[in-house]
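We name chains A, B, ... by the order of the sequence lines, and we start the count at 1 in each one. When reading the values below, keep in mind they use all heavy atoms of this one structure, side chains included, and skip hydrogens, waters and symmetry mates.
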Amino acid sequence: MKGRVLKDRLATALLWACMGTTLAILGGILLFLVVRGAGSLSWEFFTQPPRDSMTKGGISTPLVGTIQLVFVAMAFAFPVGILTAVYLNEYAREDRFTKLLRLAVRSLAGVPSVVFGLFGLSFFVIFLKFGSSLLSAGLTLGCLALPVIVGASEAALKSVPQDYRDASYAMGATRWQTIRKVVLPAAFPAILTGGILSVGRVAGETAPIIFTGAAFFTPGFAKNLFSEVMALPYHVLILATAGTNIEETRGIQYGTILVLLLVVLGITLAGVLWRARLRMRSTR
Amino acid sequence: MKGDILPRRIISGVALTGMTIMIFILFFLARESLPLLREAALSDILAGKEWYPTYEPPEFGMLPLVAGSVSVTVLSALMAIPLSLGVAVFLSEACPRLLREFFKPALEILGFLPSVVLGFIGMTVLAPWLQESLDLTTGLNLFNASFLMGIMIVPIVASIAEDSLAAVPNDLRDASYAMGATRWETTTRVVFPAALPGILEACLLGIMRAVGETMVVLMAAGGAAVIPESVFDAVRPLTSTIAAEMGETPVGSGHYHALFFAGLLLFLFTWAINLFAARIEARGRRWRS
């Protein structure tokens, strides 16, 4: 009897140790980056473009570039993702075609990000002749975000009670009227949190944009969809691997990483908190 | 119901986008990679040990790249999966409720850590430390990249595995406790086996992520296209080869097609893992509503 209880205690301790190790490593990395990067943050760091072959100045151009990329990606992926989820949850019969569609979305979710980059290069950049541009890179990121948004939206639509739909049909509403006026409004907040989380993913991605539109350096912001953009994650890579004086720009590197973390983890945190609030309200 | 037909058609049409993208990815990967077979035999590509795509004549042996991908994946899975399962079991079985409400979202947020950040840590912090403390020629190696890759996939594997543990009905646990079993006995003999399909799926999805991850290996693995003989050798996985070389390659050259071929291998490899995971999950599904 005693041995069994002892074993149980030891196992519990081991489980606590696993959690502790994980949080210590990841938390340690975050803390280290915050401490190293905090000194570089200033108003000028956010508002000035890089100067003197990127050894001085701020990161305004990559920061704005990342925001532009996210906008292009979401302008494509958000509506398409929601409508795909509406189709899967509201219209589709469980037939072979629907199965195939679900398989495609799941497969898309597993495609390595660098393969998305190759696809973007061969399709958007070369085949559609968009060139290396904000549009090509944004659409490539949009393809990557699509399955995430479909998944979140479908879960949101599933959680709308069937009673809502039945009540709407009983009033004589058509299926589209029911979807537009009853189902989508009820599911929208949850759909939006899924969208926010996918923004967090898109903003931190590097591999898909390296050869589809991210620029080493641009003198100003991207003026239109067909200009190249700088992006925060790519800027980190460039500063760390291809700068003219890597040691000298360490401060800027840690500062850029901290801003990237603030953007990505900040957006994610907002999405997670909002989702938690929605869940609390719905269980009440 | 005239007004109902148009929206239905539009939505059905838009819903095809995902499938279209998937087909296009396959098509364009094939279109850009198959011309390589005119320049080199398939056996030389898959089994060749020399990767010198810019030499004259070029050598397109991808075995070292595949070995790089496999070694990083296996080593990071060995480090990450036990830890991830420990975290998952902890969160679902042993964690006090209030703490769980904090740990679970924290873990999820950490899963969003951009990989370029971990690659940077590998380059600037871990590599010099490894080099100094173990007296290596370079700190940028298989071990460095695998360690960081492991850190990256722990939150992903732990989250999915925890979902499947938490989905096991409490009746099973209660029945086990009622027989006098301890929590550890209940976990290992009742809950864990019941959640096994979902846990296997979590591990496979983690492995899939590790195979396809680019930035960590690009920045921390050292980049030598050789088959590694020790964990402290530098490696050059498929992903980092593509990311590092595509920029300087003329479109349509043999090297260009070879990099797409590497992408095709990568795609087929991860796709197989993904489909296998989906199959395991679907076969074993018991508690999902």
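Residues A:V236 and B:V117 are not in side-chain contact: their nearest non-hydrogen atoms beyond the backbone lie 4.5 Å or more apart. Here the side chains of A:Y87 and B:V14 are not in contact, with every heavy-atom distance at 4.5 Å or above. Side-chain contact check for A:L237 versus B:F120: every heavy-atom pair is 4.5 Å or farther apart. Counting heavy atoms from C-beta on, the side chains of A:L23 and B:L110 come closer than 4.5 Å.
Proximity to chain B (any heavy atom under 4.5 Å) is restricted, for A:V264, to the side chain, taken from C-beta onward. Of the two parts of A:Y91, the backbone and the side chain both hold a non-hydrogen atom closer than 4.5 Å to a non-hydrogen atom of chain B. A:L88 does not touch chain B: none of its heavy atoms, backbone or side chain, sits under 4.5 Å away. Heavy atoms closer than 4.5 Å to chain B are found in the side chain of A:I126, but not in its backbone. Contact annotation for A:I25: only side-chain heavy atoms (C-beta onward) come within less than 4.5 Å of a heavy atom of chain B. Heavy-atom distances place the side chain of A:F32, and not its backbone, under 4.5 Å from chain B. Neither the backbone nor the side chain of A:L273 has a heavy atom closer than 4.5 Å to any heavy atom of chain B. In this structure, chain B has no heavy atom under 4.5 Å from any part of A:R180. Heavy atoms of A:L103 lying under 4.5 Å from chain B belong exclusively to its side chain. Residue A:R275 touches chain B through its side chain alone, counting heavy-atom pairs closer than 4.5 Å.
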Listed pairs under 3.5 Å, donor-acceptor, residues 197-210 of chain A side chains, sequence neighbours left out:
residue, atom, partner, partner atom, Å
A:S198, OG, A:G195, O, 2.8
A:R201, NH2, B:G111, O, 3.2

Ignoring hydrogens and angles, write down the donor-acceptor pairs under 3.5 Å from the side chains of residues 110-123 of chain A, residues two or more places apart or on other chains.
residue, atom, partner, partner atom, Å
A:S122, OG, A:L118, O, 3.1
A:S122, OG, A:F119, O, 3.2

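A side-chain donor from one of B:W271 and A:S107 sits under 3.5 Å from a side-chain acceptor of the other.
Ranked by heavy-atom pairs under 4.5 Å with chain A, the list B:A94, B:S84, B:A243, B:A106 is led by B:A243.
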Take A:R106 and B:E281, measure what salt bridge (Lys or Arg N to Asp or Glu O under 4.0 Å) needs, and give me the verdict at the end. CA-CA 13 Å; A:R106 178 172 174 130; B:E281 201 270 344; 5.4 Å; no
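The CG atom of A:D8 lies 8.0 Å from the OG1 atom of B:T187; values are rounded to the nearest 0.5 Å. Rounded to the nearest 0.5 Å, atoms CG (A:L108) and CD1 (B:I25) are 5.0 Å apart.
Contacts of B:P82 classified as side chain to side chain contact (heavy atoms under 4.5 Å, CB included), with partners at least two apart in sequence or in another chain: none.
Heavy-atom minimum distance, A:L26 versus B:P155: CD1-CG, 4.0 Å.
For residues 140-153 of chain A, a heavy-atom distance under 4.5 Å to chain B picks out A:C143, A:L146, given by residue number.
Distance alone, capped at 3.5 Å, places no donor-acceptor pair between the B:D4 side chain and the A:T174 backbone.
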